[in-house]
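Atom set for the values below is all heavy atoms of this structure, side chains included, hydrogens, waters and symmetry mates excluded. What you see is a predicted model, and the numbers here were worked out from it, not measured in a lab.
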Amino acid sequence: ALFGMTGYPIAYQLWFIRDLMLLMLMAPLLQLASKRVPNLVSLVLLLAWLTETWPLGIPAAEGVVFFYAGVRLALSPGAPERLDRFAPPFLFLYAGYLIAFAWLPARMSAHAWGMFGLVLGGAAVIFLTRALVRHARIRRSLACPAGLVFFLFAAHEPLLTIVKKGAYLYLGEAPEGVLMLARLGVTLLVAALCAAGYRIMGRLAPRLLRVLTGNR
């Protein structure tokens with residue numbers, strides 16, 4: 001249960017770190033596939049993920065799909081910039097997806113639709129951040145050390161769930177708008193606590209922090 005040998009780990013975000021380690025070992029194979037039959041491998045991985053027919057429990061389909069997508073982008077010079085021309089249709093599709101999900105939540109909650117939304121949402125975020133980082137002042141204000149980002153990802157659970165459940169218990173049958181604001185507030189609070197923990201460890205236990213964030 002701790003390491004996720006029979007499913008997702010107790011701290012569920014650790015599945016991604018576990019699978020990332022395995023995928024790094026498989027990187028030469030994925031690199032070869034991206035050079036020989038890139039489109040076929042992309043299609044097979046995507047269909048296996050969307051249809052829940054991925055045969056392996058470890059590594060999970062999500063990690064393989066997005067890791068392979070990153071491999072293809074890394075091996076294609078100028079690929080992120082070339083993708084910018086698809087920004088308008090992707091943003092339009094994602095806006096339509098969000099509207100459909102708001103109006104038909106039960107029907108849109110199927111696995112395939114949820115995964116489709118992740119693809120569209122991820123692309124939309126990339127396109128939007130591309131526009132933001134063109135401004136030097138905004139880029140400097142958003143830049144964070146890689147160690148801090150990794151620490152936040154690895155440490156936010158189960159703290160986030162504990163604080164979230166406590167907030168919901170306190171608010172009770174509050175209006176949906178209040179609950180939404182509380183959810184956003186809880187997320188910001190936990191992110192701030194994790195960032196503070198990172199800074200404190202950087203001063204009191206820098207060697208331990210370097211081990212925890214992979215920066216030995």
Side-chain angles (χ1 to χ4, degrees), residues 1-20 49-50 52 57-58 60-63 65-66 90-129 132 138 141-145 147-205 209 212-213:
L2 182 62
F3 293 101
M5 302 305 294
T6 58
Y8 287 108
I10 294 174
Y12 71 84
Q13 74 275 24
L14 297 183
W15 74 265
F16 181 77
I17 300 173
R18 175 200 65 194
D19 287 4
L20 184 61
W49 179 48
L50 292 176
E52 295 186 278
I58 301 174
E62 297 95 325
V65 168
F66 286 101
F90 264 95
L91 294 173
F92 178 79
L93 285 173
Y94 189 54
Y97 174 87
L98 293 177
I99 294 172
F101 197 94
W103 282 97
L104 303 168
R107 186 170 297 179
M108 295 293 291
S109 61
H111 174 81
W113 281 116
M115 301 303 101
F116 185 65
L118 284 180
V119 173
L120 290 178
V125 168
I126 291 173
F127 291 136
L128 292 173
T129 53
L132 289 175
I138 297 177
S141 66
L142 293 177
C144 294
L148 171 58
V149 175
F150 183 84
F151 185 85
L152 175 61
F153 173 76
H156 75 279
E157 284 288 6
L159 177 61
L160 179 61
T161 296
I162 294 171
V163 177
K164 180 176 63 176
K165 289 188 174 182
Y168 287 167
L169 183 64
Y170 176 78
L171 292 172
E173 299 295 330
E176 291 183 358
V178 174
L179 293 177
M180 180 179 294
L181 290 176
R183 181 67 173 87
L184 294 173
V186 164
T187 303
L188 292 174
L189 173 62
V190 170
L193 290 174
C194 290
Y198 176 85
R199 299 298 184 188
I200 294 172
M201 288 191 65
R203 293 186 177 184
L204 300 181
L209 182 62
L212 292 176
T213 56

Partners passing side-chain contact (heavy atoms from CB on, under 4.5 Å) against [X] (at least two apart in sequence or in another chain):
X	value
L209	F151, Y198, M201, T213
I200	L204
L171	A174, V178, L179, A182
K165	T161

Shortest non-hydrogen contact between Y94 and A124, atoms and distance: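 The pair with the smallest heavy-atom distance is CD2-CB, 3.9 Å.
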
Results of side chain to side chain donor-acceptor pair (under 3.5 Å) for R199 - residues two or more places apart only: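 Listed in chain order: nothing, the list is empty.
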
Sequence-distant partners of F90, ring pair (Phe, Tyr, Trp, His ring centres under 6.0 Å), two or more places apart: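 By the ring pair (Phe, Tyr, Trp, His ring centres under 6.0 Å) rule, F90 matches F127.
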
Test ring pair (Phe, Tyr, Trp, His ring centres under 6.0 Å) applied to Y97 - qualifying residues, sequence neighbours left out: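 So Y97 forms no ring pair (Phe, Tyr, Trp, His ring centres under 6.0 Å) with any residue.
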
All pairs passing ring pair (Phe, Tyr, Trp, His ring centres under 6.0 Å) where residues 170-189 contributes a residue, at least two apart: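 Matches after skipping sequence neighbours: none remain.
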
4.5 Å side-chain heavy-atom contact, L98 and L120: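 Counting from C-beta outward, L98 and L120 never come under 4.5 Å.
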
L212 and F150, any side-chain heavy atoms less than 4.5 Å apart: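 Heavy-atom side-chain distance check fails, nothing below 4.5 Å.
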
Over 12 foreign heavy atoms within 6.0 Å of CZ, F153: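 Yes.
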
Short side-chain to backbone donor-acceptor contact, D19 and A60, under 3.5 Å: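 Answer holds: yes.
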
Sub-6.0 Å ring centroid separation between W49 and F66: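 They qualify: ring centres under 6.0 Å apart.
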
Going by atom type alone, with no hydrogens or angles, which donor-acceptor pairs under 3.5 Å involve a side-chain atom of residues 186-196 and a protein atom two or more places apart or on another chain?
from: T187; atom 1: OG1; to: R183; atom 2: O; distance (Å): 2.9
from: T187; atom 1: OG1; to: R183; atom 2: NH1; distance (Å): 2.7

